[in-house]
Number of protein chains: 2
Amino acid sequence: MTDPLALVNALDDAGYRLTAPRRSVAEIVAGRAGHFTAAEIAAEARARGIHVGRATVFRTLDALERVEAVERIDIPGGGHAYVACEPAHHHHVVCSRCGRSVEVEDGRLAALVRSIGRRTGYRIDEHRLELYGLCTACQAAPEGSR
Amino acid sequence: MTDPLALVNALDDAGYRLTAPRRSVAEIVAGRAGHFTAAEIAAEARARGIHVGRATVFRTLDALERVEAVERIDIPGGGHAYVACEPAHHHHVVCSRCGRSVEVEDGRLAALVRSIGRRTGYRIDEHRLELYGLCTACQAAPEGSR
DNA sequence: TGCTAGATGATACACAGTCTCAGGTGGATC
DNA sequence: GATCCACCTGAGACTGTGTATCATCTAGCA
């Protein structure tokens, strides 16, 4: 759950025009607790009776990613998902049952990455760490319930 | 570069039948130094004059992944790739220019993952770390050469 | 208010991956 | 070596995700 205004402002600050479809997408994104796919955003917009083209959803998520208001992650089994997040380098722990995600910051991993770089001789420019498991709520909930 | 026999044996040991298409795919996979996509394997088979269906390539790579003879990784920009590897949990450092990859083992990351689990309350079942950069050869080679 | 660059929706397209199904074949058994 | 059948195959349809194109629309500036 994020402030829709923050997303809209991020776009505005970066010089993107503030259009109705962008506001709608920002609002839906902001209302999401966990990760979501482009298709889910399009479906929710349709469910709310808002007409937003599929291409526009992709374009808007792309814009939000550029301004670092959302992050694109790979999900196990292929495909992508997005998470609304703070604009600093970090990683996500994603609940594989309910989709809720939390952010963890970078500290020790950055050191680990540097050490791997030294050991392998590679000049490491990019890394991605994604963690999947069960959030506290889903651990407590009985198996299969959702 | 892996021993094609090792891949074929891994399939055999797991109870998979040893068919001509599987041997061909195993041979092509074994001949690869870096990562590769299913499409590349299919293309190389075609180039060698071996007829292997696209579905069969996917099925064989899937089987090889099951027996842990290859690992499926996500590449930046979406899509998947595979790397032939030893059957122990580890991660890959992939050269973003030539595609060559090296394996790094797990030690400190496992500890980091545990500590993230403790901190967030998540029960972490799965994690993936992928590192991208330039290998020593590509760092030495002039920009743009391949 | 008018203008224009940038945004839009519709649509076609590309591509990866999955599924189905009729026919083929590896390998166990005799 | 012959037989048999469960498993494997290729072909091709299908699905889902993401991109490209284009005519039309509109936010926001002068």
Side-chain angles (χ1 to χ4, degrees), chain A residues 7-29 35-46 48-67 69-83, chain B residues 5 7-29 35-46 48-67 70-83:
Chain A
L7 299 184
V8 171
N9 286 342
L11 288 177
D12 194 12
D13 290 350
Y16 287 94
R17 280 196 191 163
L18 302 185
T19 64
R22 283 185 178 159
R23 283 174 206 274
S24 304
V25 170
E27 201 170 312
I28 294 170
V29 165
H35 62 179
F36 49 85
T37 62
E40 280 167 21
I41 298 298
E44 183 159 342
R46 218 177 310 120
R48 291 191 190 185
I50 304 164
H51 187 95
V52 183
R54 213 164 57 87
T56 302
V57 172
F58 280 109
R59 278 188 286 239
T60 306
L61 287 173
D62 192 52
L64 286 170
E65 194 194 356
R66 268 167 219 268
V67 302
V70 305
E71 193 177 332
R72 182 164 151 163
I73 59 174
D74 301 302
I75 49 179
H80 302 111
Y82 297 83
V83 265
Chain B
L5 229 58
L7 299 184
V8 171
N9 286 341
L11 289 177
D12 195 11
D13 291 349
Y16 287 95
R17 280 195 191 160
L18 301 185
T19 65
R22 283 183 179 162
R23 284 174 205 272
S24 304
V25 170
E27 201 171 311
I28 294 169
V29 165
H35 61 176
F36 50 85
T37 62
E40 279 167 23
I41 297 298
E44 184 159 342
R46 218 176 311 120
R48 291 191 190 185
I50 305 164
H51 187 94
V52 184
R54 215 162 57 90
T56 302
V57 172
F58 280 108
R59 279 188 286 239
T60 306
L61 287 173
D62 192 51
L64 287 170
E65 194 193 357
R66 268 168 219 267
V67 302
V70 306
E71 194 177 330
R72 184 163 149 163
I73 59 172
D74 302 301
I75 48 180
H80 302 110
Y82 296 83
V83 265

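Below, read A as the first sequence line, B as the second, and so on, with proteins coming before strands; counting in each chain starts at 1.
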Next on the checklist: Checking contacts here: which listed nucleotide (dA11(D), dG9(C), dC8(D)) is nearest the side-chain heavy atoms of His51(B)?
Outcome noted: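 Among the listed nucleotides, the one closest to the side chain of His51(B) is dA11(D).
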
Checklist entry - Closest to the Thr19(B) side chain: dG26(C), dG9(C), dG17(C)? => result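 Among the listed nucleotides, the one closest to the side chain of Thr19(B) is dG26(C).
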
Checklist entry - Do the side chain of Arg17(B) and the base of dC8(D) come within less than 3.5 angstrom through a donor-acceptor pair of N or O atoms? => result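 There is none.
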
In whole angstrom, give the distance that lies between atom [atom1] of [X] and atom [atom2] of [N].
X        : N       : atom1 : atom2 : value
Leu11(B) : dC8(D)  : CG    : C1'   : 13 Å
Glu40(A) : dG16(D) : CD    : P     : 13 Å
Ile41(A) : dT17(D) : CD1   : C1'   : 15 Å
Asp12(B) : dA28(C) : CG    : P     : 9 Å
Arg23(A) : dT8(C)  : CZ    : P     : 12 Å

Next on the checklist: Rounding to 10°, can you tell me the angle the first-five-pair axis of the helix from dT1(C)-dA30(D) to dC30(C)-dG1(D) makes with its last-five-pair axis?
Outcome noted: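 Result, rounded to 10 degrees: 30°.
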
Checklist entry - Counting N and O atoms only, with roles assigned by atom type, does the side chain of Arg22(B) sit under 3.5 Å from a partner on the main chain of Arg17(B), one being a donor and the other an acceptor? => result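 Looks like yes, one N/O pair under 3.5 Å.
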
Of the non-hydrogen atoms in [X] and [Y], which two are nearest, and what is the gap between them?
X        : Y        : result
Val70(A) : Leu61(A) : CG2-O, 3.9 Å
Leu7(A)  : Ala26(A) : CD1-O, 3.4 Å
Ile50(A) : Ser24(A) : CG2-OG, 3.6 Å

Are side-chain heavy atoms of [X] and [Y] found at a separation under 4.5 Å?
X        : Y        : value
Thr37(A) : Tyr82(A) : no
Asp13(A) : Val67(A) : no
Arg54(B) : Val57(B) : no
Arg66(A) : Tyr16(A) : yes

Checklist entry - When you look at CZ of Arg48(B), are more than 12 heavy atoms from neighbouring residues, nucleotides or ligands closer to it than 6.0 Å? => result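 Check passes, neighbour count above 12.
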
Next on the checklist: With the threshold set at under 4.0 Å for non-hydrogen atoms, list the residues of residues 54-65 of chain A touching DNA chain D in residue-number order.
Outcome noted: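 The answer is Arg54(A), Ala55(A), Phe58(A), Arg59(A).
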
Checklist entry - Of Ala39(B) and Ala20(B), whose nearest nucleotide on DNA chain C comes first from the 5' end? => result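 Here Ala39(B) is the residue nearer the 5' end.
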
Next on the checklist: Here's a test of your reading of the structure: between Leu18(B) and Ala38(B), which maps to the more 5' nucleotide of DNA chain C?
Outcome noted: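 Going by which nucleotide is closer to the 5' end, it is Ala38(B).
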
Next on the checklist: Please tell me if Arg22(A) has a side-chain N or O lying less than 4.0 Å from either OP1 or OP2 of dT8(C).
Outcome noted: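 Answer is yes, contact under 4.0 Å.
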
